[in-house]
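Each remark here refers to the structure printed beneath this line.
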Amino acid sequence: MTGEPCTAAVGLQWGDEGKGKIIDWLAGDAKHVARFQGGNNAGHTVVAGGEKTVLHLIPSGILRERCRCHIGQGVVLDMQALLEEADMLEKAGIDVAGRLSVSGGCALVLPHHVALDEARESGSAAIGTTKRGIGPAHEDRAGRRALRLSDVIGGGYEEKLAASLRHANCELAHLHGREPVDPESVREWIDGKASRVAPLVADVAAELRRARDRGEKILLEASQGALLDVEQGSYPFVTSSSCIASAGAGGLGVDLRPKVIGIAKAYATRVGLGAFPTEIGGDAAETLVEKGEEFGATTARQRRVGWLDVPALRHALAVNGCKEIALTKLDVLGLLDTVKVCVGYARDGKALGSWPAGNDELERCEPEYVEMEGWGRMPEVAGAGDIPEACARYVEKVSELCGARVSILSLGPERAATMWLERQEALA
Ligand code: IMP
């Protein structure tokens with residue numbers, strides 16, 4: 001993995017940086033992989049042995065036989081999504097039941113949360129969510145009316161469900177003119193699933209504390225990215241959880257003090273609405289979308305694309321306490337004749353010293369660019385010495401501008417197309 005007992009792999013952009021791929025690769029010698037926030041809004045894609053697997057809830061470590069996987073109480077849990085994903089993996093011959101623990105403290109995503117998310121997204125206040133009910137489920141948790149997984153195992157949760165539904169139905173009926181959600185249908189929905197999820201419930205925090213004390217390697221898997229973080233992202237066009245490394249302690253119930261690896265795509269993408277200062281259109285955008293297959297793994301929406309944004313990356317690195325970057329999709333960016341990197345912003349004609357986290361301010365930022373040449377089709381790369389010179393210059397420039405070491409390069413979707421830069425070692 002990284003030589004450290006615990007590593008957190010986090011997104012440094014607006015999600016979709018290639019976290020699934022890098023986490024699967026780092027998990028090659030990890031014993032545990034743990035998700036600590038988000039829900040099934042995530043879409044982590046792993047390509048191994050020519051097989052593509054998209055995971056939304058179960059940690060990417062599930063594809064590594066020796067890994068035990070954990071879902072901490074910071075994750076909001078849609079039991080149906082969990083069971084569907086577990087079934088898909090079990091059908092492919094992957095043992096989930098024996099290798100996955102889920103915290104009973106996870107707040108549940110229920111049908112009325114999905115109904116609320118959909119109703120809000122059909123109005124003028126839409127922000128382009130994944131419509132998976134993630135925001136409303138987090139609101140119930142913060143509002144202290146959430147049903148947690150442990151509440152529904154064994155039944156007797158009617159009062160809590162009534163409190164959550166009262167809230168949701170009031171908004172559905174009075175703000176959106178929608179039919180209220182019938183409590184009986186939600187009870188049936190829950191009861192049909194809770195008994196199947198029950199065997200997975202475990203004390204995730206205690207398991208991870210024991211693993212740490214035994215010196216076993218633990219990998220924390222973040223979803224989304226720092227620029228979508230509810231505190232540190234381009235608010236209000238953000239997700240509802242904190243996606244940065246420090247959220248791992250609260251979301252798992254154990255502070256593992258991880259070494260942080262930030263994952264960034266060699267260019268930028270964003271799905272959903274919100275400011276995107278380096279967004280581009282035209283031929284360059286078409287190439288990136290087509291060659292980079294820039295379509296959301298969860299909602300299949302086409303991603304918006306743009307140039308790498310250094311002020312945003314510096315912000316993401318700072319809030320994560322991260323000094324190390326895994327740079328992905330270099331094979332895609334290099335196909336352009338000329339590539340640009342945003343090195344700073346100007347606002348109202350004046351240079352801006354830092355990334356303005358609020359969306360309104362970000363909308364008014366004018367990016368300033370440096371241009372570099374592309375490097376064409378990526379050759380077979382066995383070690384750092386085989387990387388095209390123009391690509392190596394790009395990587396060096398990113399490192400210098402960000403003030404962080406680029407330590408991992410990803411040059412294609414397969415596991416084998418990944419390497420430690422300084423160790424010059426390709427892992428399959
Ligand atoms: P929500 O998380 O579904 O509430 O969506 C809030 C914002 O986060 C929207 O812009 C989504 O497109 C974005 N988002 C949520 N999860 C992901 C992800 O895994 N990758 C990229 N964007 C995401």
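All heavy atoms count here, side chains included; hydrogens, waters and symmetry mates do not. Atoms within each ligand, like the ligands themselves, are counted from 1 in listed order.
- Using 4.0 Å as the threshold, Thr298 has no heavy atom nearer than that to any atom of ligand 1.
- Looking at heavy atoms from C-beta onward, Tyr394 lies out of side-chain contact with Ile387 at the 4.5 angstrom threshold.
- Using 4.0 Å as the threshold, Ser223 has no heavy atom nearer than that to any atom of ligand 1.
- Residues Tyr345 and Pro367 approach most closely at CD2-CA, 4.0 Å, considering heavy atoms.
- Close contacts of ligand 1 with Thr129, meaning ligand atoms under 4.0 Å from a residue heavy atom, involve 1 (P), 3 (O), 4 (O), 5 (O), 9 (C).
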>> Under the criterion salt bridge (charged side-chain N to carboxylate O under 4.0 Å, His left out), I'd like the reasoning laid out for Lys131 against Glu118: C-alpha separation, chi angles, the key distance, then a yes or no.
In response: CA-CA 6 Å; Lys131 299 189 192 168; Glu118 278 172 353; over 6 Å; no

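- Scanning all protein heavy atoms for the shortest distance to atom 3 (O) of ligand 1 gives Thr130 OG1, 2.6 Å.
- Contact analysis puts Trp14 in contact with ligand 1, with a non-hydrogen atom separation below 4.0 angstrom.
- Comment: Lys265 engages Glu294 in a salt bridge, judged by a side-chain N to carboxylate O separation of less than 4.0 angstrom.
- Proximity of Arg132 to ligand 1 is not established, as no heavy-atom distance is less than 4.0 Å.
- Aromatic pair Phe237/Trp14: ring centres not closer than 6.0 Å.
- The cationic group of Lys193 lies under 6.0 Å from the six-membered ring centre of Trp189 and within 45° of the ring axis, placing it in a cation-pi geometry.
- Just one of Leu100, Ile23, Leu219 meets the side chain to side chain contact (heavy atoms under 4.5 Å, CB included) condition when paired with Pro59; it is Leu100.
- Counting only non-hydrogen atoms, the option in Leu227, Thr239, Leu228, Asn41 that gets closest to atom 23 (C) of ligand 1 is Leu228.
- Close contacts between ligand 1 and Val271 involve ligand atoms 10 (O), 12 (O), 21 (C), 22 (N) [criterion: under 4.0 Å to a heavy atom].
- Contact atoms of ligand 1 toward Gly128: 9 (C), 10 (O), 11 (C), 12 (O) (distance under 4.0 Å to a heavy atom of the residue).
- Remark: ligand 1 atoms within the under-4.0 Å shell around heavy atoms of Val238 are 6 (C), 7 (C).
- Here is the list of ligand 1 atoms found below 4.0 Å of a heavy atom in Gln224: 15 (C), 16 (N), 17 (C), 19 (O).
- Distance alone, capped at 3.5 Å, places no donor-acceptor pair between the Lys19 side chain and the Gly15 backbone.
- Looking at atom 21 (C) of ligand 1, its nearest protein heavy atom turns out to be Asp16 OD2, 3.2 Å.
- Residue contact check: Gly272 has heavy atoms under 4.0 Å from atoms 10 (O) of ligand 1.
- Taking the six-membered ring for Trp and the full ring otherwise, the centers of His56 and His44 sit at least 6.0 Å from each other.
- Inclusion of Arg301 in the set of residues having an N or O under 3.5 Å from an N or O of ligand 1 is warranted.
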